[in-house]
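Right, one structure below, let's go through it.
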Amino acid sequence: MFPNLNLPGLQLPDLPLAFPMGGMDIAFYVVAAVMLFTAICTVAVKNILQSAVFLIFSFVATAILYLLLHAEFIALAQVMVYVGGVVIFVVFTILLTSHLGEDAFATKIPRVFAAFALSIAFVLVMVKCILPTPELASGAVSSPENYSGLEPIAMRLLGYGPDGFIIPFEVVSILLLMTLICAITVARKSKDEVEKEKAVQQ
Amino acid sequence: MFDFSTSHFLIPDLLLLIFPFIVIGSRLFCNAQSKMPWRIANFGFIAIFILLNFIPLASGEGRFFISNWRIDDFGVLMREVLLVSAILGMWFAKDYFEHGADGKPQMHQIAEFIGAIAFATFGGVTVVSACDMLTFFLGLEIATIPMYALTAWNKKDQLGSEAATKYILMGSVATAFELFGFSYLYGFAGSLHFSEIQTAVASGTSPLLWVAVLFLFCGIGFKLTLFPFYTWAPDVYEGAPTPVTAVLSVTSKATAIAFLVVLVFGPLAPIQEQIAPLIALLAGTTLFVGNLGALKQSRLRRFMAYSSIAQAGYIMVALLGPAATAKTAIIYYLFVYAVSNYLAFFVFGIIGHHREETFASLRGLSKQNPSLAISLAISMFSLAGIPPLAGFFGKFHLFYSGASTGHYMLVAFAVLNNVLALFYYIQLIKSAWVDEPDGHLTPLRLTRRQRAVIVALSIAVVALGFLPFLSNNIVAGFSF
C-alpha cells in the first residue's frame, strides 16, 4: 500500500487505506467531500428551498462520482432523472405551494440529540464493516473496459439469456403503468365533485 | 383433459398480467352501471385459479422460462394462496361499492379496484418467480404500491387518506432500507443472481453480508409488521376501507412472508443457521407484542390488525426449520389463515353494514342470527388454533418446523403466547354469544353471495383441518 513511504515512526499499513496517490484519488476525495457537505447542508438548512438547491449539488456530485468509476450511462441517467426531473419537480412543488418555503422547522433538542447519536453509531458500524474489505479501499477498476458503457448495458438489458435483464425491464414497465393507473384513479375527481365545483364558481 | 405441457405453465402468469387491463378496459365499452367488468373479473380470476391447479407439482429446481422466470412447487402453491385471497377480497369488496358501511360513504370504480388487487397479486407472483434481486425487489414493489392506492380508495373518507399517507411514508422508508440491503448484498456477492449469491455466501461471510441481512430484515419487517416496525399497521388497518384491510392482511402478508422464504431458503440458505437467532428474536417479540396489543382493543379492525401482527410472528417461527418442512408449513398455514381471516372479515362486514365495527355491535348476535355467530366462532377458534379446526393443524406444522431444528424455547414461548391469544379471541366470541344487546338491534341483511361465501368458508375452515390435502393441487395429485 505504501511503497515509497518508509518513515520510521509511521505505522499505518494495518489499515488498507491508501492516501491519495494519483489524480483519480484526489478527484474522488474532493468530489466525495463536496457530496457529503452538500448532503449535510440539505438536511441542516432551515429553508426548504435552499435545501432543494443543495440536493441538486449533491446529485451532481454523485453523477461525477459515477463518471470517475467509468459508469457513463448511470452518470447520465443520474443527471437526467434526478437533477433534471425529480429535483426540479420538487422545486416547482415548493414554489407553487404557498408559504411552505418560508417556515423554519422547529425541532426539539432531545430529538436532535437522539438522531445525532444514532447517526454517529450508524457511521461507526458501517466504517467497522467496510474497512476490513480490502477491495473497496483500493481504487482499482475490477470490471473490464467499457463494461458499463451504453452498448453493453443495452445488450444485457434486453437480453433473453441467463444474464439478460428482459424480465426486470418488462416488470418495471408494469410497475410504472400500474402506479399511473392507481394514481389517476385516486386523484381524479368524480362527476358530482366537478359539478359542485362549477356551482361554487358560478 | 387438454394438453397442459411444460411450456404452458406460463399461461396463468400471462393471463394474470393482462387480466387487469381487460377488466379496466371493459369499462370503456359499457356504461357506469354495467355489471360487465365485475363478471369478467369473476370469470378471469376463477379461470386463472383453475388453470393453476393443472400445474403438476414436482420437487426440484423448478422450471425456467426466458432463463430467469422460475416456476417451482412453492411458487405454484403461493400463486394459489394469492389468487384465493384476491378472489375472496373481490367478493368481499363488492358490497362496499353498492352501499356505504361503518359510517363511511360508498366506494366507486370497482373495475380499477379489482385491477389494483390483480396487480398486487401479480407482484406476489413475481416475488416467488424471481431469480435475481432486481426482479425480486420489483415484485415486492408491485405488491405494495397498489395497496397505498387502495387504502385511499374512499376519497370522501379523511381517515383513509391519512392512513394512506402514513402507509406511503412508512413503506417508502422500508423500501429504502431494503434497497440499501440489496446493494450491500450485491457488493458482497458481485452478482444479482440468486444462484451466484448463494455460492458467494457459502464460500464465506464478511461484515458486508451481515449489514445486508440486517437491512433486508428491517425492510421486510415493515411489510410483514414485525416487532419494532409494526406501528403503522393498526392505524392503516383502521383507516383503510374494510375490504382493503382484509386484502392487506392476507395478500400483503403472504407476499412478504414469501419474500422471506425465498430469501432465507434461496440466496441466504448457507447461513440460515447463523441468522436463526435473529429470526427467533423477531418472531418471539412480534407474537408477544401483537398478542399484548390485541388484548385492549374495542374496534374490530384494530383488533384484527394486532391479531395479524401476532400471526406474522407465528409464521416466522416456521422459518427456523429445514427448507421442505418450513415451506410446507408456511403454505398450509397461509391457506388456513387466508380462509379464517376472510371468514371473520365477512362477518364483520355484514355487521358493519348498519352499525359501527366495534365489539359492542356484536352483542346479541347469537340470538339475532345464530348461523352468523357460529361462523364467527369458527373463524376465531381457528385463528386461535383450537382443534379440530384448520388453525390448530396450521399452527402445529409451524411449531413442528421450528422445533425440528431444536428451537424448543421459542416454540414453548409461542405456545404459551397462544393461551394469551385465546383469551382475546374468546372475548370476541363472548361479545357475540354471552353479552346482552343494549337497546334495539338494527336487522342484519345478507345477500345471496355473502351467505354462500360464509357457508363455504366455514366448511373450508372445518374441512381443512381434517383433509389438509384439499389445499394441495387437486387435479395434479398430492405429491407435496
Side-chain angles (χ1 to χ4, degrees), chain A residues 16 62 69 74 86 118 121-137 141-144 147-148 153 156-194 196, chain B residues 17 20-21 24 32 64-69 108-109 111-113 115-116 118-120 122-123 126 129-139 141-142 144-156 160-161 164 184 187-188 190-193 195-196 206-212 214:
Chain A
T62 318
L69 292 169
I74 303 178
V86 175
L118 273 177
F122 177 68
V123 168
L124 285 181
V125 168
M126 295 311 282
V127 167
K128 190 162 172 10
C129 289
I130 292 174
L131 272 189
T133 313
E135 295 94 335
L136 292 179
V141 180
S142 58
S143 56
Y147 179 73
S148 52
I153 282 192
R156 282 189 76 192
L157 197 59
L158 296 177
Y160 285 90
D163 61 347
F165 285 96
I166 185 78
I167 290 176
F169 181 79
E170 296 296 340
V171 167
V172 165
S173 63
I174 298 288
L175 178 82
L176 292 177
L177 184 57
M178 172 205 77
T179 313
L180 209 61
I181 291 174
C182 289
I184 289 173
T185 317
V186 169
R188 82 167 201 175
K189 288 172 180 160
S190 61
K191 263 182 197 159
D192 47 316
E193 274 174 323
V194 175
K196 240 184 234 169
Chain B
L17 189 56
F21 300 108
I24 296 172
F64 291 85
F65 297 89
I66 329 174
S67 308
N68 282 317
W69 186 267
H108 295 283
Q109 283 151 338
E112 283 85 350
F113 187 91
F119 277 128
F122 183 75
T126 311
S129 311
C131 292
D132 59 277
M133 286 196 286
L134 199 53
T135 318
F136 196 44
F137 169 75
L138 288 171
E141 281 310 287
I142 294 183
T144 318
I145 291 175
M147 294 300 174
Y148 301 152
L150 286 174
T151 309
W153 210 263
N154 213 333
K155 280 178 261 179
K156 287 167 189 152
S161 309
Y184 269 77
F188 168 77
S191 170
L192 283 172
H193 284 273
S195 51
E196 283 164 51
S206 88
L208 283 185
L209 179 65
W210 300 119
V211 174
L214 197 66

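Please read these numbers as outputs of a predicted model, since none were measured by experiment. Residue numbers begin at 1 in each chain, while the letters A, B, ... track the order of the sequences.
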Under a 4.5 Å heavy-atom cut-off, does chain B meet the side chain of A:Ile166, its backbone, both or neither? side chain

Residue set satisfying side chain to side chain contact (heavy atoms under 4.5 Å, CB included) with A:Leu157, at least two apart, ordered chain then number -> A:Phe165, A:Phe169

Output, in order, the C-alpha distance, side-chain angles, deciding distance and verdict of side chain to side chain contact (heavy atoms under 4.5 Å, CB included) for B:Phe113 and A:Thr185. CA-CA 9 Å; B:Phe113 187 91; A:Thr185 317; over 6 Å; no

Note, A:Val125 side chain near B:Trp210 side chain (heavy atom, < 4.5 Å): no

I'd like to verify something: which residue of B:Leu134, B:Leu150, B:Leu192 has the highest number of heavy-atom pairs under 4.5 Å with chain A? B:Leu134

What heavy-atom pair brings B:Pro146 and A:Cys182 nearest, and what distance separates the two atoms? CA-SG, 4.0 Å

Checking B:Gln109 against chain A: side chain, backbone, both or neither under 4.5 Å from a heavy atom? side chain

Region of B:Phe137 that comes under 4.5 Å of a non-hydrogen atom in chain A: neither

So, using ring pair (Phe, Tyr, Trp, His ring centres under 6.0 Å) as the criterion, who are the partners of B:Tyr148 when residues are at least two apart? B:Tyr167

Rounded to the nearest 0.5 Å, what separation is found between the CD1 atom of A:Ile167 and the SG atom of B:Cys131? 7.5 Å

Would you say the side chain of B:Phe119 lies within less than 4.5 Å of the side chain of A:Ile174, judging by non-hydrogen atoms? yes

A:Leu177 versus chain B, the contacting section by heavy-atom distance below 4.5 Å: side chain

Is it the case that atom CZ in B:Phe64 sees more than 12 heavy atoms from other parts of the structure closer than 6.0 Å? yes

Given a strict heavy-atom distance threshold of 4.5 Å, which part of B:His193 is in contact with chain A: side chain, backbone, both, or neither? side chain

Between B:Asp132 and chain A, which part of the residue has a heavy atom less than 4.5 Å away: side chain, backbone, both or neither? side chain

Can you see which heavy atom on A:Pro168 is nearest to which on B:Thr135, and at what distance? CG-OG1, 3.3 Å

